[in-house]
Undergrad: 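The structure is given below, and queries will be raised subsequently.
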Amino acid sequence: TNNGRIQVFVPCGTAPTPTATVTLQPTVCEEFVYSIGSSASLNLPYDIGLDGAGNVYELDNGSAKVNVFTALGAYLGSWGTASSPTGIAVDKAAGEIYVASYGAGNVRVYDLSGNLLRTTTGFSQPRNVALDGLGNMYVTEPENNRVLKYTTGSGTTAGTAVTVLGKGLGSLDGQLNQPFGVAVGPEGDIYVSETGNKRISVFQPTGGFVRKFGSSGSGPGQFDLPRYIRFDAQGRLWVADSGSHRMQVLDPYGNFLGQWGTGTAGSAAGQFNQERGFEMDASGKVWVADTNNGRIQVFVPCGTAPTPV
């Protein structure tokens, strides 16, 4: 009682033998394999989505359209969307594409062929959108320093407001400063990248504050313009640290696991210039929207690139 705990005992001689510690979060290393598109064909690529077949959906901010490619970069087609689209999310099970439009103030949902299914309004300059797989979407509003939770809607029926994450502008726990990226963590918590506070804040789906990590800088686990974020199949958090022109990978508590990119803007293979959105498949292959270079760069885990023939 006075120790405030529950102790558990077993009969003598029946306790399990201790085993070696298992590292659940290995260091991440990625190497460049090829690029898709160029500044002549892509106009400010902002975000990337993948469908269940592995096709790549590139959100082209400058031309307000979605370009579709095979995983290896063969062009499949495109369709127009609302002005200044900035965020994309793919519901693979339903075969639906969600597009957040900064210019139109809405989230539009399309089928995989680009047919508009429904439009959810009520947003002010939304930047990014994430789905939780439970019928909800989370939309960032940097200028209002908040994240809005809405239902996704279905068919032709638009989504409806559920709650708000964030306690207004500031740097205290639960406050936000220019929330940009949003992702749903492996245990259902909501991760938000803040370009103003240069950190990641974590919330419960109901809006309660959980924790924060990161600070301003160029060191491991520090940020300069953390924009788009995603979780991979291993539960690791990937961050497009655009101001540092690099990609960082962390565990859900902010422990540094790896990075790539030179840290300065460049156009050589493997370099970035204000990269933004990205997506990865279960094997660790990553497609990165290298925004100011007008291309998509593709990376695979180190040592797995095919040998040239």
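Quick note: numbers below take in every heavy atom, side chains included, and nothing from hydrogens, waters or symmetry partners.
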Undergrad: Do Leu237 and Tyr191 come close enough that some side-chain heavy atom pair is under 4.5 Å?
TA: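 Sidechains of Tyr191 and Leu237: in contact.
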Undergrad: With a 4.5 Å cut-off on side-chain heavy atoms, are Pro252 and Pro186 touching?
TA: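 Yes. Closest side-chain heavy atoms under 4.5 Å.
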Undergrad: I'd like to check Asn55 versus Leu76 (side-chain heavy atoms, cut-off strictly below 4.5 Å). Are they in contact?
TA: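 Side chain of Asn55 against side chain of Leu76, heavy atoms only: contact under 4.5 Å found.
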Undergrad: Could you walk me through whether Ile36 and Val298 pass side chain to side chain contact (heavy atoms under 4.5 Å, CB included), step by step?
TA: CA-CA 8 Å; Ile36 299 174; Val298 186; 4.2 Å; yes
Undergrad: Any side-chain heavy-atom pair from Val66 and Tyr110 closer than 4.5 angstrom?
TA: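 No, every pair of side-chain atoms sits at 4.5 Å or beyond.
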Undergrad: Under 3.5 Å, side chain of Asp111 to main-chain N/O of Asn115, donor-acceptor pair present?
TA: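 Yes; at least one donor-acceptor contact below 3.5 Å.
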Undergrad: Using 0.5 Å steps for rounding, measure from the OG atom of Ser38 to the CG atom of Asp290.
TA: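 These two atoms lie 12.0 Å from each other.
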Undergrad: From Leu172 CG over to Asn197 CG, what is the distance, rounded to the nearest 0.5 angstrom?
TA: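 So the CG of Leu172 and the CG of Asn197 are separated by 9.5 Å.
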Undergrad: Answer yes or no: is there a donor N or O on one side and an acceptor on the other, between the side chain of Arg295 and the main chain of Ser267, under 3.5 Å?
TA: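 Present.
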Undergrad: Looking at Val139, Val147, Leu148, Asn144, which one forms a side-chain contact (heavy atoms from CB on, under 4.5 Å) with Pro126?
TA: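 Answer to the side-chain contact (heavy atoms from CB on, under 4.5 Å) test with Pro126 among Val139, Val147, Leu148, Asn144: Val139.
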Undergrad: Output, in order, the C-alpha distance, side-chain angles, deciding distance and verdict of side chain to side chain contact (heavy atoms under 4.5 Å, CB included) for Val249 and Gln259.
TA: CA-CA 6 Å; Val249 186; Gln259 67 179 22; over 6 Å; no
Undergrad: Check whether any side-chain heavy atom of Met247 lies under 4.5 Å from a side-chain heavy atom of Phe272, and answer yes or no.
TA: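 A side-chain contact under 4.5 Å exists here.
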Undergrad: Tell me, please, whether Tyr98 has Arg108 positioned over its six-membered ring: NZ or CZ under 6.0 Å from the ring centre and within 45 degrees of its axis?
TA: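 So Arg108 doesn't make the cation-pi contact.
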Undergrad: Would you say the rings of Trp287 and Phe278 are close, in the sense that their centroids are separated by under 6.0 Å?
TA: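 Ring-ring flag for Phe278/Trp287: false, centres at least 6.0 Å apart.
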Undergrad: When you measure from the side chain of Thr291 to the backbone N and O of Pro45, does any donor-acceptor pair fall under 3.5 Å?
TA: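 Confirmed, Thr291 side chain pairs with Pro45 backbone.
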Undergrad: Distance from Leu176 atom CG to Leu165 atom CG, nearest 0.5 Å?
TA: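 The CG atom of Leu176 sits 8.0 Å away from the CG atom of Leu165.
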Undergrad: Carefully, step by step, assess Phe231 and Trp238 under the rule ring-ring contact (aromatic ring centres under 6.0 Å, His included).
TA: CA-CA 6 Å; Phe231 276 92; Trp238 300 54; over 10 Å; no
Undergrad: Step by step, would you call Asn177 with Glu194 a side-chain hydrogen bond (donor to acceptor under 3.5 Å, both in side chains)?
TA: CA-CA 6 Å; Asn177 189 344; Glu194 301 178 62; over 6 Å; no
Undergrad: Kindly indicate whether the side chain of Ile190, heavy atoms from C-beta on, has any atom under 4.5 Å from the side chain of Val184.
TA: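 Counting from C-beta outward, Ile190 and Val184 do come under 4.5 Å.
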Undergrad: Is there a side-chain contact between Asp47 and Thr86 (heavy atoms, below 4.5 Å)?
TA: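 SC-SC contact between Asp47 and Thr86 ruled out.
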Undergrad: Measure from the side-chain N and O atoms of Gln125 to the backbone N and O of Gly103, and report whether any donor-acceptor pair falls under 3.5 Å.
TA: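 No; judged by distance alone, with no hydrogens or angles, the pair does not exist.
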Undergrad: Indicate whether any N or O donor in one side chain lies under 3.5 Å from an N or O acceptor in the other, for Thr151 and Thr160.
TA: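 Judged by distance alone, the side chains do pair up.
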Undergrad: Short question: side chain of Thr140, backbone of Phe180 - any donor-acceptor pair under 3.5 Å?
TA: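 Yes; judged by distance alone, with no hydrogens or angles, the pair exists.
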Undergrad: Is it true that a side-chain atom of Ser244 and a backbone atom of Gly263 form a donor plus acceptor pair closer than 3.5 Å?
TA: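 No; judged by distance alone, with no hydrogens or angles, the pair does not exist.
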Undergrad: Would you give the length of the straight line joining atom CG of Asp132 to atom CG of Asp189, rounded to the nearest 0.5 angstrom?
TA: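 So the CG of Asp132 and the CG of Asp189 are separated by 11.5 Å.
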Undergrad: Is any NZ, NE, NH1 or NH2 atom of the basic residue among Asp232 and Lys285 found under 4.0 Å from an Asp or Glu carboxylate oxygen of the other?
TA: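 Between Lys285 and Asp232 there is no salt bridge, as every charged N stays at least 4.0 Å from the carboxylate O atoms.
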Undergrad: Less than 4.5 Å apart, side chain to side chain, heavy atoms only: is that true for Asn292 and Leu44?
TA: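 SC-SC contact between Asn292 and Leu44 confirmed.
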Undergrad: Taking the side chain from Thr262 and the backbone from Thr264, do they hold a donor-acceptor pair closer than 3.5 Å?
TA: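 Such a contact is found between Thr262 side chain and Thr264 backbone.
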Undergrad: Does the pair Glu141/Arg127 count as a salt bridge with the N-to-O cut at 4.0 Å?
TA: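 Salt bridge flag = no for Arg127 with Glu141.
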Undergrad: So does Val239 get a backbone contact from the side chain of Gln248, meaning a donor-acceptor N/O pair under 3.5 Å?
TA: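 Side chain of Gln248 to backbone of Val239: no pair is present.
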Undergrad: Do Lys212 and Asp173 sit within salt-bridge range, that is, some charged N less than 4.0 Å from a carboxylate O?
TA: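 Answer for the salt bridge query: yes.
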Undergrad: Just by modelled atom types, is the Gly303 backbone N or O under 3.5 Å from a matching donor or acceptor in the Glu31 side chain?
TA: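 Flag set: sc Glu31 to bb Gly303 pair under 3.5 Å.
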Undergrad: Do the rings of Tyr75 and Phe69 sit parallel, tilted or perpendicular, given the 30° and 60° boundaries?
TA: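 Plane angle over 60°, so perpendicular.
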Undergrad: Is there a donor-acceptor pair closer than 3.5 Å between any side-chain N or O of Ser101 and the backbone N or O of Ser83?
TA: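 Yes: the side chain of Ser101 pairs with the backbone of Ser83.
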Undergrad: To the nearest 0.5 Å, what is the distance between OG1 on Thr304 and CD on Glu30?
TA: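 So the OG1 of Thr304 and the CD of Glu30 are separated by 7.5 Å.
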Undergrad: On the 0 to 90° scale, with breaks at 30° and 60°, tag the Phe203-Phe209 ring pair as parallel, tilted or perpendicular.
TA: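 Answer is perpendicular, since the angle exceeds 60°.
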Undergrad: Are Arg276 and Tyr46 in a cation-pi contact, defined as NZ or CZ under 6.0 Å from the six-membered ring centre and within 45° of the axis?
TA: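 That pair qualifies as a cation-pi contact.
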Undergrad: Indicate, with yes or no, if the rings of Tyr138 and Tyr150 have centres closer together than 6.0 Å.
TA: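 Aromatic pair excluded; centres sit 6.0 Å or further apart.
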Undergrad: Out of Arg246, Arg227, Arg199, Lys198, which one pairs with Asp241 under the salt bridge (charged side-chain N to carboxylate O under 4.0 Å, His left out) rule?
TA: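 Among Arg246, Arg227, Arg199, Lys198, the one meeting salt bridge (charged side-chain N to carboxylate O under 4.0 Å, His left out) with Asp241 is Arg246.
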